[in-house]
Amino acid sequence: MPPLALQPSNGVWMLDIQLLRSNLEDVAGLLAARGYSFPIPEFEALESDRKSLQTHTQELQARRNAVSKQIGNAKSKGEDITHLLADVANLGEELRLAETRLQETQAALQVMLLQVPNLTHTTVPVGHSEADNREVRRWGTPRVFDFVVKDHVSVGENLGLLDFSTAAKLSGARFSLMKGPLARLHRALAQFMLDMHTGEHGYMEAYVPYLVNAESLRGTGQLPKFEQDLFQVPKLGFKMKEGVEERALASEDYQRGSFSPSDESLYLIPTSEVPLTNIVRDEIVALESLPIKLTAHTPCFRSEAGSYGRDTRGMIRQHQFDKVELVQIVHPEKSYEALEELTGHAEKILQKLGLPYRIMLLCTADMGFSAAKTYDIEVWLPQQNTYREISSCSNCEAFQARRMQARFRNQRGKPELVHTLNGSGLAVGRTLVAILENFQNEDGSVSVPDVLQPYMSGLERLTAG
RNA sequence: GGAGAGAUGGCCGAGUGGUCGAAGGCGCUCCCCUGCUAAGGGAGUAUAGGCUCAAAAGGCUUAUCGAGGGUUCGAAUCCCUCUCUCUCCGCCA
């Protein structure tokens with residue numbers, strides 16, 4: 001294996017490193033509430049190593065810089081410099097050693113800290129499982145059926161518009177094939193959502209890459225911890241890549257250690273939150289440009305390695321699904337306001353479609369890695385006789401911003417981390433499931449929600465044939 | 001895929017081994033002068049980290065000229081690898 005590039009010395013920290021140093025116990029307590037046990041002794045040991053190594057290294061660097069400056073001066077005056085050179089004879093080796101050890105310690109610290117999830121907001125209920133999530137409100141009344149309701153798989157397959165066995169032939173389990181008016185309804189949903197968010201809610205539509213690099217995934221928090229959930233794509237063809245590496249490995253420069261290979265893979269996006277949010281990575285945006293509100297309709301790809309056995313039937317849990325995403329980049333003081341607003345934007349879609357739902361405030365145990373506070377929107381599924389997640393709206397506060405170094409210039413003209421939010425507005429596949437189940441008729445047809453009919457050339461029902 | 005050129009601070013742009021975190025210009029901020037829709041003069045103006053300090057201020061210090069590595073007492077400058085941008089040719093939805 002060629003040597004991997006080490007992290008930059010001023011690394012990407014996940015929590016505010018200052019906060020961690022000064023309030024270690026408090027932070028660990030908050031993390032414990034969300035089920036993460038922070039390794040305090042290991043951290044303290046690494047941190048104290050870091051401190052002494054860094055001080056020592058910088059002293060050596062300062063000495064080297066001073067002597068080098070003297071040498072420069074002496075030389076320009078034509079003075080003898082041999083005694084100066086003797087001065088720093090051993091400095092080089094000592095410095096090299098110190099730098100290496102510092103880098104290793106920084107890297108170890110970074111590996112540890114990149115695993116640490118965000119701190120939760122004070123309004124988040126402490127809990128141990130999803131059972132402790134708190135229902136905030138409900139909208140709509142579930143329809144009363146006077147016939148036996150079918151699940152979306154039966155509805156779709158009976159119409160001949162949904163075909164899982166062919167999808168399995170093409171790709172394997174957890175893929176779906178939609179046909180005819182059902183495929184169109186799926187497309188109509190995405191169009192409708194985008195039109196609402198751009199036309200009514202003030203988001204700018206974006207078309208984004210579906211393959212992103214590791215930096216982007218690190219920025220939004222999917223890497224390094226959740227690589228197993230992602231589909232990875234080698235950047236170069238294997239053959240080409242091998243050729244390049246063989247040549248490189250044989251080269252004199254590699255032998256000397258001055259070769260750095262580009263072995264970066266790309267990853268299929270698990271959500272367009274990744275490309276949308278990373279738009280501001282390594283940027284300092286103007287105060288006046290906030291809030292930045294972005295939306296995109298993209299496919300999302302998840303390998304979901306850990307979840308086999310759950311929702312095996314139907315379109316609920318797929319390796320590929322479409323989603324319309326909402327992202328906001330906001331001033332830190334406005335982010336909780338923005339979370340309510342963004343959640344409302346997602347709700348509006350369900351209201352327009354006429355699908356009953358409830359809003360759940362997730363408890364500490366059930367939240368995503370990067371989130372400080374999350375509302376899940378759950379849509380009513382009559383066949384399951386329950387509400388199922390269709391959207392997740394989160395305020396990540398400065399967590400992603402810190403990883404991304406995404407900042408704005410505050411009123412004093414100083415860079416400050418932005419806050420980032422994201423939410424599904426909505427998951428298109430699951431919305432389609434909800435429509436198939438809630439709008440099914442006794443004869444097996446499915447009514448098209450009023451707001452979607454204009455996108456379907458006025459079609460009012462999905463019927464067999 | 002082939003050939004070539006490039007990447008420097010908010011922007012433009014100089015800088016081929018030393019006192020360069022980086023000339024000059026633009027922009028921006030503050031001050032002065034002048035006074036009518038302008039101009040002139042002066043000062044300031046990167047980011048991140050560490051140590052110090054009760055804290056702020058301040059002080060000391062380190063790193064950063066696309067990224068990583070190498071050579072050197074010393075690298076924006078020399079060498080290597082990678083990434084990206086641009087121009088021309090080819091190919092292509």
Side-chain angles (χ1 to χ4, degrees), chain A residues 2-13 16-18 20-22 47-96 98-100 102-103 105-107 109-110 113 209 213-216 235-237 239-241 243-266 281-289 401-417:
Chain A
L4 288 174
L6 288 169
Q7 305 296 338
S9 60
N10 61 339
V12 184
W13 310 107
D16 184 350
I17 188 74
Q18 312 287 2
L20 212 48
R21 285 173 190 151
S22 54
E47 178 54 17
S48 108
D49 283 356
R50 188 228 98 226
K51 198 165 177 171
S52 56
L53 284 170
Q54 183 161 354
T55 309
H56 181 230
T57 304
Q58 293 189 351
E59 273 167 12
L60 292 176
Q61 286 171 330
R63 240 176 81 202
R64 178 205 59 195
N65 290 347
V67 174
S68 293
K69 202 168 262 189
Q70 282 178 38
I71 293 178
N73 276 328
K75 254 188 141 173
S76 68
K77 292 182 205 146
E79 296 169 7
D80 182 47
I81 58 167
T82 46
H83 67 287
L84 287 171
L85 286 177
D87 249 18
V88 289
N90 299 318
L91 198 60
E93 216 24 65
E94 204 181 337
L95 181 57
R96 198 182 306 260
E99 280 175 340
T100 305
L102 176 60
Q103 245 181 12
T105 306
Q106 301 266 42
L109 213 40
Q110 176 134 329
L113 294 177
N213 57 31
E215 279 304 297
S216 295
K235 201 172 193 174
L236 304 167
K239 210 167 182 180
M240 168 67 74
K241 195 179 175 185
V244 167
E245 285 196 348
E246 271 162 33
R247 241 180 300 130
L249 291 171
S251 74
E252 214 176 288
D253 291 298
Y254 179 75
Q255 307 301 331
R256 285 213 320 269
S258 65
F259 171 74
S260 73
S262 163
D263 57 355
E264 291 237 319
S265 296
L266 292 174
R281 171 155 56 86
D282 293 324
E283 300 288 337
I284 300 176
V285 302
L287 181 61
E288 313 82 65
S289 66
R402 186 172 300 107
R403 290 175 156 240
M404 292 191 301
Q405 284 303 297
R407 296 169 293 174
F408 69 100
R409 232 169 252 290
N410 66 21
Q411 249 147 357
R412 298 200 324 278
K414 291 295 164 194
E416 195 179 327
L417 295 171

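Protein chains get the first letters and strands the later ones, always in sequence-line order, with residue 1 at the start of each.
Between Gln54(A) and Ile284(A), it is Ile284(A) whose nearest contact on RNA chain B lies nearer the 5' terminus. Comparing Thr55(A) and Ala62(A) by the nucleotide of RNA chain B whose heavy atom lies nearest to each, the residue mapping closer to the 5' end is Thr55(A).
Shown here for Met404(A) and Arg281(A), the closest heavy-atom pair between the two residues is O-CG, 3.3 Å. The minimum heavy-atom distance linking Phe408(A) with Leu417(A) is given by the pair CE2-O, 3.5 Å.
Per the geometry, CD belonging to Gln61(A) stands 18 Å off P belonging to C60(B), to the nearest Å. Here A48(B) presents its C1' atom at 17 Å from CE of Met404(A), a figure rounded to the nearest Å. Distance Ile71(A) CD1 to C73(B) P: 8 Å, rounded to the nearest Å. Going from atom NZ of Lys414(A) over to atom C1' of A46(B) covers 8 Å, rounded to whole Å. The CG atom of Leu113(A) sits 15 Å away from the C1' atom of G49(B) (whole-angstrom rounding). Rounded to an integer number of Å, the gap from CD of Glu47(A) to C1' of G49(B) is 12 Å. Residue Arg50(A) contributes atom CZ, which lies 8 Å from atom C1' of G49(B) at whole-angstrom precision. We find that CD of Glu93(A) is positioned 14 Å from C1' of U72(B), with the value rounded to whole Å.
For Gln103(A), counting side-chain heavy atoms from C-beta on, the closest listed nucleotide (A63(B), G69(B), U61(B)) is G69(B). Of the candidates U19(B), G69(B), C73(B), C73(B) carries the atom nearest the Ser68(A) side chain, counting heavy atoms from C-beta on. The side chain of Leu85(A) approaches C73(B) more closely than any other nucleotide in the set C73(B), U71(B), A48(B). The side chain of Arg407(A) approaches U47(B) more closely than any other nucleotide in the set U47(B), A63(B), G69(B). Checking C51(B), U47(B), A63(B) against every side-chain atom of Arg409(A), the shortest atom distance belongs to U47(B).
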Pairs: protein N or O with nucleotides 53-55 of chain B N or O, under 3.5 Å:
none

Reading RNA chain B 5' to 3', how would its secondary structure be written in dot-bracket notation, given Watson-Crick and G-U pairs with both distances under 3.5 Å, brackets [ ] for crossing pairs and | for partners on other strands? ((((((((.[[[..)..(.....]]]((((((.......))))))(((((((.....))))))).[[[[[..)....]]]]])))))))....
Please list every donor-acceptor pair under 3.5 Å in which a side-chain atom of residues 53-61 of chain A meets a protein atom from a residue at least two apart or in another chain.
{"unit_1": "Gln54(A)", "atom_1": "OE1", "unit_2": "Arg50(A)", "atom_2": "NE", "d": "3.1"}
{"unit_1": "Thr55(A)", "atom_1": "OG1", "unit_2": "Lys51(A)", "atom_2": "O", "d": "2.8"}
{"unit_1": "Thr57(A)", "atom_1": "OG1", "unit_2": "Leu53(A)", "atom_2": "O", "d": "2.6"}
{"unit_1": "Gln61(A)", "atom_1": "NE2", "unit_2": "Glu99(A)", "atom_2": "OE2", "d": "3.1"}

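The salt bridge (charged side-chain N to carboxylate O under 4.0 Å, His left out) test applied to Arg64(A) returns no partner, not counting sequence neighbours. In this structure Arg409(A) satisfies the salt bridge (charged side-chain N to carboxylate O under 4.0 Å, His left out) test with no other residue, sequence neighbours excluded. Here Glu288(A) pairs with nothing under the salt bridge (charged side-chain N to carboxylate O under 4.0 Å, His left out) rule; sequence neighbours left out.
Comparing U72(B) with U61(B), their P atoms sit 28 Å apart, to the nearest whole Å. Separating the C1' atom of G15(B) from that of C20(B) is a span of 9 Å, rounded to the nearest Å. C86(B) and U81(B) are spaced 23 Å apart, taking the P atom of each and rounding to whole Å. With both ends at atom C1', the span from G58(B) to G6(B) equals 43 Å, rounded to whole Å. The separation of G10(B) from C73(B), taken at their C1' atoms, amounts to 36 Å, rounded to a whole angstrom. Comparing C65(B) with U77(B), their C1' atoms are spaced 10 Å from each other, to the whole Å. Atom name C1', nucleotides U45(B) and C26(B): the rounded distance is 13 Å, in whole Å. One P atom belongs to A3(B), the other to C12(B), and the distance between them is 30 Å to the nearest Å.
Using a 3.5 Å distance cut-off with no hydrogens or angles, the side chains of Asn65(A) and Ser68(A) do not pair a donor with an acceptor.
OP1 or OP2 of U62(B) sits under 4.0 Å from a side-chain N or O of Asn65(A). An OP1 or OP2 oxygen of U72(B) is reached within less than 4.0 angstrom by no side-chain nitrogen or oxygen of Arg96(A). Within the structure, a side-chain polar atom (N or O) of Arg64(A) is placed less than 4.0 Å from OP1 or OP2 of A63(B). Regarding contacts with the backbone of C20(B), every side-chain N or O of Lys69(A) stays at 4.0 angstrom or more from both OP1 and OP2.
Here CD of Gln70(A) is found 11.0 Å from CG of Leu85(A). Values are rounded to the nearest 0.5 Å. In this structure, CG in Leu113(A) is found 10.5 Å from CD in Gln106(A), a value given to the nearest 0.5 Å.
The side-chain contact (heavy atoms from CB on, under 4.5 Å) test with Ile284(A) singles out one residue from Lys414(A), Glu416(A), Arg407(A), Gln405(A), and that residue is Arg407(A).
Leu109(A) has its side chain out of reach of Ile17(A): every pair of non-hydrogen atoms, C-beta onward, lies at least 4.5 Å apart.
Within 4.0 Å (heavy atoms only), Arg63(A) reaches no atom of the nucleic acid at all. Contacts of Val67(A) with the nucleic acid, taken as non-hydrogen atoms under 4.0 Å apart, are absent.
For G18(B), its base sits under 3.5 Å from the side chain of Lys75(A) at one donor and acceptor pair at least.
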